[in-house]
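Some notes on the structure that comes next.
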Amino acid sequence: MAKIFIIANEGEQIKKLRSELAQRSFTCSVIPYSEKAAEYIAEQSPSAVLVDMGGSSVGSELWGLPQKIKEERYIPVIAIISRGMLDSIDSSLSIDDFVVTPWETTEVAARIKRILRQTNNSNEIIKSGDLVIDVDRCQVSVGGSLVTLAFREYQLLKFLASNQGRVFTRETLLDKVWGWDYYGGDRTVDVHIRRLRSKIEDRNHSFIETIRNIGYRFKEM
């Protein structure tokens, strides 16, 4: 049974969401936002986290919580936002999906299930030169040193490394890694590739190739 954490003030709507998700076989806990929230979540290791952004302003500490969670552990994060916040959703916000209030619990449950399918472990090791991806542990190392990646960076790397030599357009990567219903342009792929390269590549290691006017591919070793 998937364990879901909801970070929110426990009002009537959140209580209703927790109850209805429980009826759909999710184990749900509501925890208030605090400075220790990311650390607590990492210790408890839920399957996914819902963060109610509520009426928080862009740039507030709450908006940085998804990134803090992912710095602690690879846990997918779904944001609950108002319709007026849609323009603020971009590649700088470390979320994997979002729902807009007023939400339908059926939609929330469907998005959770989709995220969980994407993150299912397959007990495999992917190797390419000095790069090792331990899929079971969601760990990446280069030359024996662990590399800390954000969740979407990890998903992107795993997908590319699992298909070495194949060229993928930005649109295909958005579909395969972010999902067909991702809200945002293909520039987010370039942003994540750049961040990924900064973490796994140096003068001695080069793994991802840019194919001009097309997209990207992972080098065959």
Side-chain angles (χ1 to χ4, degrees), residues 1-7 26-29 31 36-51 64-79 91-98 110-164 166 168 172-179 182 188-189 191-202 205 207-208 216-219 221:
M1 185 178 293
K3 181 169 64 174
I4 308 301
F5 277 8
I6 305 174
I7 301 178
F26 294 105
T27 299
C28 292
S29 299
I31 61 174
K36 298 289 186 179
E39 183 179 336
Y40 176 74
I41 289 168
E43 291 174 353
Q44 297 300 312
S45 190
S47 303
V49 177
L50 298 175
V51 181
L65 181 58
Q67 178 61 36
K68 290 181 179 179
I69 292 172
K70 294 180 183 300
E71 288 173 354
E72 294 284 345
R73 186 180 290 271
Y74 292 111
I75 298 173
V77 177
I78 300 173
S91 60
S92 65
L93 186 59
S94 298
I95 61 173
D96 306 289
D97 207 344
F98 66 90
R111 291 182 181 277
I112 293 172
K113 290 177 181 178
R114 183 178 70 84
I115 287 292
L116 296 182
R117 283 196 299 271
Q118 289 181 342
T119 56
N120 276 341
N121 293 330
S122 58
N123 299 314
E124 66 174 306
I125 300 291
I126 303 172
K127 294 183 179 181
S128 181
D130 286 343
L131 176 72
V132 177
I133 304 173
D134 186 332
V135 179
D136 186 44
R137 297 183 178 181
C138 291
Q139 290 184 342
V140 176
S141 62
V142 178
S145 299
L146 287 178
V147 179
T148 300
L149 300 179
F151 175 77
R152 196 62 74 183
E153 294 167 354
Y154 170 78
Q155 291 292 98
L156 179 59
L157 175 62
K158 185 177 74 170
F159 178 77
L160 288 171
S162 297
N163 296 276
Q164 295 182 27
R166 291 185 59 186
F168 294 96
T172 299
L173 290 173
L174 279 175
D175 179 50
K176 297 295 184 180
V177 179
W178 277 260
Y182 172 73
T188 193
V189 176
V191 171
H192 281 74
I193 288 288
R194 183 169 65 250
R195 291 174 178 169
L196 188 54
R197 280 173 165 161
S198 72
K199 295 179 180 181
I200 66 171
E201 296 187 345
D202 54 33
H205 300 97
F207 302 105
I208 301 172
Y216 300 96
R217 73 177 170 197
F218 196 93
K219 294 179 181 179
M221 298 292 181

- Task: Begin with the C-alpha distance, continue with both residues' side-chain angles, and end with the deciding distance and a verdict on side-chain contact (heavy atoms from CB on, under 4.5 Å) for W178 and L156.
- Result: CA-CA 9 Å; W178 277 260; L156 179 59; 4.3 Å; yes
- Task: Begin with the C-alpha distance, continue with both residues' side-chain angles, and end with the deciding distance and a verdict on side-chain contact (heavy atoms from CB on, under 4.5 Å) for I112 and I4.
- Result: CA-CA 9 Å; I112 293 172; I4 308 301; 3.8 Å; yes
- Before giving the answer on side-chain contact (heavy atoms from CB on, under 4.5 Å), spell out for L174 and T188 the whole-Å C-alpha distance, their side-chain angles and the decisive distance to 0.1 Å. CA-CA 8 Å; L174 279 175; T188 193; 3.5 Å; yes
- Task: Apply the test side-chain contact (heavy atoms from CB on, under 4.5 Å) to residues L131 and V140: give CA-CA distance (whole Å), side-chain angles for both, the deciding distance (0.1 Å), then the verdict.
- Result: CA-CA 7 Å; L131 176 72; V140 176; 3.7 Å; yes
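With K3 contributing its side chain and Q44 its backbone, the two residues share a donor-acceptor pair below 3.5 Å. Side-chain atoms of S198 come within 3.5 Å of backbone atoms of R195 as a donor-acceptor pair (strictly under, hydrogens ignored). No donor-acceptor pair closer than 3.5 Å links the side chain of E39 to the backbone N or O of K36. Although no hydrogens or angles enter the test, the distance criterion places a donor-acceptor pair under 3.5 Å between the side chain of S162 and the main chain of K158.
The number of heavy-atom neighbours closer than 6.0 Å to NZ of K219, taken from other residues, nucleotides and ligands shown, is above 12. No more than 12 heavy atoms of other residues, nucleotides or ligands shown are found within 6.0 angstrom of NZ on K113.
From L157, atom CG reaches atom OG of S128 across 9.5 Å, with rounding to the nearest 0.5 Å. Here the CD1 atom belonging to I7 is positioned 9.0 Å from the CG atom belonging to L50, to the nearest 0.5 angstrom. In this structure, CD in Q139 is found 9.0 Å from OH in Y154, a value given to the nearest 0.5 Å. Rounded to the nearest 0.5 Å, atoms CZ (R197) and NE2 (H205) are 15.5 Å apart. Between the CZ atom in R166 and the CG atom in L160 there is a gap of 10.5 Å [rounded to 0.5 Å].
The two residues P46 and I41 make their nearest non-hydrogen contact at CD-O, 3.2 Å.
Between D96 and the options R152, R114, R111, a salt bridge (Lys or Arg N to Asp or Glu O under 4.0 Å) holds for only R152.
Taking the six-membered ring where tryptophan is involved, the planes of F5 and Y40 are essentially parallel, since the angle between them stays under 30° and well short of 60°.
At least one side-chain heavy atom of I208 sits less than 4.5 Å from a side-chain heavy atom of I193. L173 has its side chain within reach of F159: a pair of non-hydrogen atoms, C-beta onward, lies under 4.5 Å apart.
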